[in-house]
2 protein chains.
Amino acid sequence: MIAIGEAARQSGVSIETIRYYERERVVPAPRRAANGRRVYSDKEVGRLRFIRRCRDLGFSISEAKGLLSLSEGENSNCAKVKEIGTAHLNAVRCKIAELTALEAALEELTANCRSGSVSCQMLEALAR
Amino acid sequence: MIAIGEAARQSGVSIETIRYYERERVVPAPRRAANGRRVYSDKEVGRLRFIRRCRDLGFSISEAKGLLSLSEGENSNCAKVKEIGTAHLNAVRCKIAELTALEAALEELTANCRSGSVSCQMLEALAR
DNA sequence: CTTGATCCTGTAGTCACTACAGGATGCATA
DNA sequence: TATGCATCCTGTAGTGACTACAGGATCAAG
């Protein structure tokens, strides 16, 4: 049973963010000590760590919440987890494709942008 | 000399966003007709289009603003433009690298996540 | 008893829009 | 002239996922 600062250290979620998750009901509110301070069990720290791992993998808060409740459900429904995971994987791949297109466009624009030339290719492309 | 709706159509920037750009001084405020409505010249539509192109390339509003003022300055400073462009290109490449790492992690997690198995590999990795 | 760390609530700011509410005006048709 | 719909106006609030205080209470160590 630890205080919020230690829970932050153990979970890798900042104090402010922990309180935010509580406010937004991403995780259940922990019980309070007599002095009104939050008290965390290992299980609750585990939830915070779970959410942080989801966020690190790029899942949204609501996806993370869904995965957490699947993780805590009676029947661990692997199929649903996989569905959420592959949907997100697809989204990540789309994002990569978009950024790769951007990269190519920026490469071309900046390559043609030589200091000293009369006109700036990049500005011209943007203004066209 | 056109109204905001037509300016939106010609520039590809929505009416609400045009007003937002004006409020945030991304572009100068256009003059008003006698009835109080905004009136846009080709030059002003051009500025909106310029900002949109910058945004499409992933530049932030403040970068776009900077590029616009470089574009309208007396001495078209190609070196500065190139600097902003290559800095952004680097940022895009970093983002791609991050997402590619995410992609690999998600591939592994979802591949090991088979419906029907006793435990869910993905949930276990998240909860560990 | 003091000092510094930690905790609390509540609010506002970030970025780049987006979505109204509630009202005024313009334009075309009956 | 009346109607009705499109377009415009201002102002405010919401989005996601935090982050950053302000202003105050409490704790633990010396």
*Asks:* Determine whether the side chains of A:Glu103 and A:Thr100 contain a donor N or O and an acceptor N or O closer than 3.5 Å.
*Replies:*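 No donor-acceptor contact under 3.5 Å links the two side chains.
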*Asks:* To the nearest Å, how far apart are B:Asp56 CG and C:dA16 P?
*Replies:*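 Rounding to the nearest Å, CG of B:Asp56 and P of C:dA16 are 14 Å apart.
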*Asks:* What are the two closest non-hydrogen atoms of A:Leu106 and B:His88, and how far apart are they?
*Replies:* CD1-CD2, 3.3 Å
*Asks:* Assign each of A:Ser60 and B:Glu6 to its nearest nucleotide of DNA chain D by heavy atoms, then name whichever residue's nucleotide is nearer the 5' end.
*Replies:* B:Glu6
*Asks:* If I take atom CD in residue A:Glu16 and atom P in nucleotide C:dT6, what distance separates them, rounded to the nearest angstrom?
*Replies:*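 So the CD-P distance, A:Glu16 to C:dT6, works out to 14 Å.
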*Asks:* Can you check the A:Ile15 CD1 to C:dT6 P distance for me, whole Å?
*Replies:*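 My rounded result for the distance is 8 Å.
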*Asks:* If we count only N and O atoms by modelled type, under 3.5 Å, do the side chains of B:Glu72 and B:Ser69 hold a donor and an acceptor together?
*Replies:* no
*Asks:* Of the nucleotides C:dT18, D:dA17, C:dC8, which has the atom closest to the B:Thr17 side chain?
*Replies:*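 Nearest to the side-chain atoms of B:Thr17, counting from C-beta on, is C:dT18.
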*Asks:* Expressed as a whole number of angstroms, how long is the span from A:Tyr20:OH to C:dC7:C1'?
*Replies:*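 In whole Å, C:dC7 C1' lies 21 Å from A:Tyr20 OH.
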*Asks:* Rounding to a whole Å, what distance do you find between B:Ile51:CD1 and C:dC17:C1'?
*Replies:* 14 Å
*Asks:* Please report, rounded to the nearest Å, how far the C1' atom of D:dC8 is from the CE atom of B:Met1.
*Replies:* 18 Å
*Asks:* Rounded to the nearest 0.5 Å, what separates atom NZ in A:Lys82 from atom CG in B:Leu109?
*Replies:* 11.5 Å
*Asks:* Rounding to an integer number of Å, can you tell me how far A:Ile18 CD1 sits from C:dT6 P?
*Replies:* 14 Å
*Asks:* Please report the distance, rounded to the nearest Å, between CD1 in A:Ile61 and C1' in D:dC18.
*Replies:* 9 Å
*Asks:* Hey, could you give me each pair passing salt bridge (charged side-chain N to carboxylate O under 4.0 Å, His left out) that has a residue in residues 55-70 of chain B? Not counting sequence neighbours.
*Replies:*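 The answer is B:Arg52-B:Asp56.
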*Asks:* How do A:Arg23 and B:Ser62 order along DNA chain C: which one's closest nucleotide is nearer the 5' end?
*Replies:*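 The answer here is A:Arg23.
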*Asks:* Hey, what do you get for CZ (B:Arg38) to CD1 (B:Ile2), rounding to the nearest 0.5 Å?
*Replies:* 13.5 Å
*Asks:* Taking only heavy atoms on the protein side, list every residue of residues 27-41 of chain A lying under 4.0 Å from any atom of DNA chain D, sorted numerically.
*Replies:*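 Under 4.0 Å from DNA chain D: A:Asn35, A:Arg37.
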*Asks:* Quick one: label B:Tyr21 by what it contacts on the DNA or RNA (base, sugar-phosphate, nothing), any heavy atom closer than 4.0 Å.
*Replies:* sugar-phosphate
*Asks:* Supply the atom-to-atom distance B:Thr86 OG1 to A:Met122 CE, rounded to the nearest 0.5 angstrom.
*Replies:*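 Reported to 0.5 Å precision, the distance equals 8.5 Å.
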*Asks:* Answer yes or no: does a side-chain N or O of A:Ser14 lie under 4.0 Å from OP1 or OP2 of D:dC18?
*Replies:* no
